[in-house]
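Some notes on the structure that comes next.
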Amino acid sequence: MGLFDRIRRAFTGEDAVVKEEEVKKEDQIVIDSYDQGTAKTRRNFTDIMTNLFTSFREVDEEFYEDLEEAFIGADVGFAMTIAITDAIRDEIERTGVHKPEDVKRVLLEKMVQVYERGGQNLVSLKENPDGPTVILFVGVNGVGKTTSVGKIGYQLKQEGHKVLMAAADTFRAGAVEQLNVWGERLDIPVVTGKAQGDPAAVVYDAVKKANAEGYDYLLVDTAGRLQTKANLMEELAKIKRIIERENPNGVQEVLLALDATTGQNALIQAKQFNEATEITGLVLTKLDGTAKGGVVLSIRYELDIPVKYIGLGEKATDLKKFDAEAYMYSLVKDVLEVKH
Ligand code: GDP
């Protein structure tokens, strides 16, 4: 039984044998961190939803309209909102459920299903079987890109991997120094070059070192951002060529850092970056600081790029692999707990 099933059964009382305490300890840790990190979005969502369910009499058009309003209010985005509401409507009509507990269960189930669209394992990083796994990080200034490089480095190191970081964001004042501080704090070596120097030179040194010294992961903090799309494409193509020369399997992941507090603007940035280079995954930062956490669903739906990590605070430990079930659950949990 997956996390979602265990939680659902425990909370809906569908299976009296499965109690809340039986939710596994490690699942509980995930749930707790998501709980804290998504508090603002949840509050926003819960306020509207609680009204919806307290005055709940039957599933009618007004119910669906209020439901849509709750999703839009959490920045789930128009297209995704319609998709989820339609899926909920279909399921309710198909099964004829009408008790609020059942309606809530359908709600949670459909949010996860519509997000997962087929449900492959979307979160794992693609690995290089023949050498260091190379991950490029891109994103506009201030979204939390460099911080995310540090946090992911920390997580990979905790998992027992040998990690190297490359400070190839030589344009933003302070970025190299910032990554150095992370490196010192986490005891992860950082390859640096001259300030304002050529990022390609840093990448060249880093990939050589990663190969020669048997590193498992090379995390590259690039200056990849949108001066112009042509610039960005050129710069990333150059970095990729250098890596491919030394490392025939090239780059395994290009992760775009997006600031969740910017809501639908994050979606626009994702679209623009994806036109310039193939983005393989997203790091959605600062979810702890926004009530618009529904943007996770929106981006996935519109661009079909998976969210791989979410940032839930500023500490090294405040970055989590994205778990759709735990995330959706954290958004709706207070609504599930309203008694009827
Ligand atoms: P960059 O310009 O994209 O490299 O951005 P930085 O990594 O320098 O981050 C900008 C600011 O956002 C810093 O103050 C970080 O501490 C903060 N930050 C990054 N990720 C998160 C997060 O998940 N939550 C919160 N609350 N702050 C974050």
Side-chain angles (χ1 to χ4, degrees), residues 30 32-43 75 123 135-155 165-186 188 190-193 195-196 199 202-203 219-227 232 235-236 239 253-263 265-266 268-270 272-273 276-277 279 281-296 299 307-323 326-327 330-331:
V30 176
D32 288 348
S33 58
Y34 274 59
D35 266 7
Q36 286 160 19
T38 59
K40 288 189 181 162
T41 302
R42 178 168 55 254
R43 217 171 298 138
D75 235 355
V123 181
I135 307 176
L136 301 187
F137 290 80
V138 297
V140 305
N141 268 351
V143 291
K145 174 173 57 72
T146 304
T147 306
S148 298
V149 177
K151 288 171 169 176
I152 291 174
Y154 169 76
Q155 201 170 93
M165 304 196 288
D169 186 353
T170 52
F171 291 104
R172 176 165 74 83
V176 173
E177 187 44 38
Q178 200 182 332
L179 199 63
N180 265 329
V181 170
W182 276 103
E184 271 167 35
R185 211 191 297 161
L186 305 174
I188 296 176
V190 180
V191 177
T192 57
Q196 304 293 317
V202 178
V203 172
L219 310 183
V220 184
D221 187 16
T222 77
R225 61 177 63 96
L226 301 164
Q227 292 103 342
L232 177 70
E235 184 191 307
L236 290 174
I239 289 179
E253 297 273 355
V254 181
L255 300 184
L256 172 65
L258 292 173
D259 177 345
T261 63
T262 61
N265 273 338
I268 295 166
Q269 274 172 27
Q272 290 172 334
F273 270 92
T277 188
I279 302 295
L282 304 173
V283 182
L284 200 58
T285 63
K286 310 186 197 178
L287 268 170
D288 52 309
T290 179
K292 306 271 187 189
V295 73
V296 170
I299 291 172
V307 176
K308 300 220 173 196
Y309 292 94
I310 54 177
L312 299 168
E314 294 189 80
K315 296 193 302 295
T317 48
D318 289 335
L319 183 105
K320 304 288 165 195
K321 286 204 173 109
F322 182 64
D323 177 325
Y327 185 73
S330 78
L331 297 189

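Start at 1 and go down the list; that is how both ligands and their atoms are numbered. Below, all heavy atoms of this structure are taken into account, side chains as well, without hydrogens, waters or symmetry copies.
Counting heavy atoms closer than 4.0 Å to ligand 1, residue Asp288 contributes side-chain atoms (C-beta onward) but none from N, CA, C or O. Only the backbone of Leu312 comes within 4.0 Å of ligand 1, counting heavy atoms alone; no side-chain atom from C-beta on gets that close. The proximity of Leu319 to ligand 1, defined as any non-hydrogen pair under 4.0 Å, does not occur for either the backbone or the side chain. Proximity of Lys151 to ligand 1, defined as any heavy-atom pair under 4.0 Å, is confined to the side chain (atoms from C-beta onward).
Atoms CG and CD1, on Asn180 and Ile188 in that order, are 12.0 Å from each other to the nearest 0.5 Å. For the atom pair CG (Asp169) and OG1 (Thr222), the distance works out to 7.0 Å, reported to the nearest 0.5 Å.
Residue, atom and distance of the protein heavy atom nearest to atom 7 (O) of ligand 1 are Thr147 OG1, 2.5 Å. For atom 22 (C) of ligand 1, the closest heavy atom belonging to the protein is Gly313 O, 3.1 Å. Atom 8 (O) of ligand 1 has its closest protein heavy atom at Gln178 NE2, 2.9 Å. Ranking the protein heavy atoms by distance from atom 10 (C) of ligand 1 puts Gly142 O, 3.7 Å first. Lys286 N, 2.9 Å is the protein heavy atom nearest to atom 23 (O) of ligand 1.
For ligand 1, the atoms lying closer than 4.0 Å to a non-hydrogen atom of Val140 are 3 (O). In summary, the atoms of ligand 1 found under 4.0 Å from a heavy atom of Gly311, numbered by their order in the structure, are 23 (O).
Using a distance-only test at 3.5 Å, with no hydrogens or angles considered, a donor-acceptor pair links the side chain of Thr41 to the main chain of Thr290.
Contact check on Asp221 versus Lys145 returns a salt bridge, with a Lys/Arg side-chain nitrogen under 4.0 Å from an Asp/Glu carboxylate oxygen.
Taking each of Gly174, Gly289, Gly144, Ala223 in turn, the one with a heavy atom nearest to atom 9 (O) of ligand 1 proves to be Gly144. Residue Glu314 holds the heavy atom nearest to atom 27 (N) of ligand 1 of all those in Arg172, Lys145, Glu314.
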Tyr327 vs Val307, side chain to side chain contact (heavy atoms under 4.5 Å, CB included): CA-CA, chis, key distance, verdict: CA-CA 11 Å; Tyr327 185 73; Val307 176; over 6 Å; no
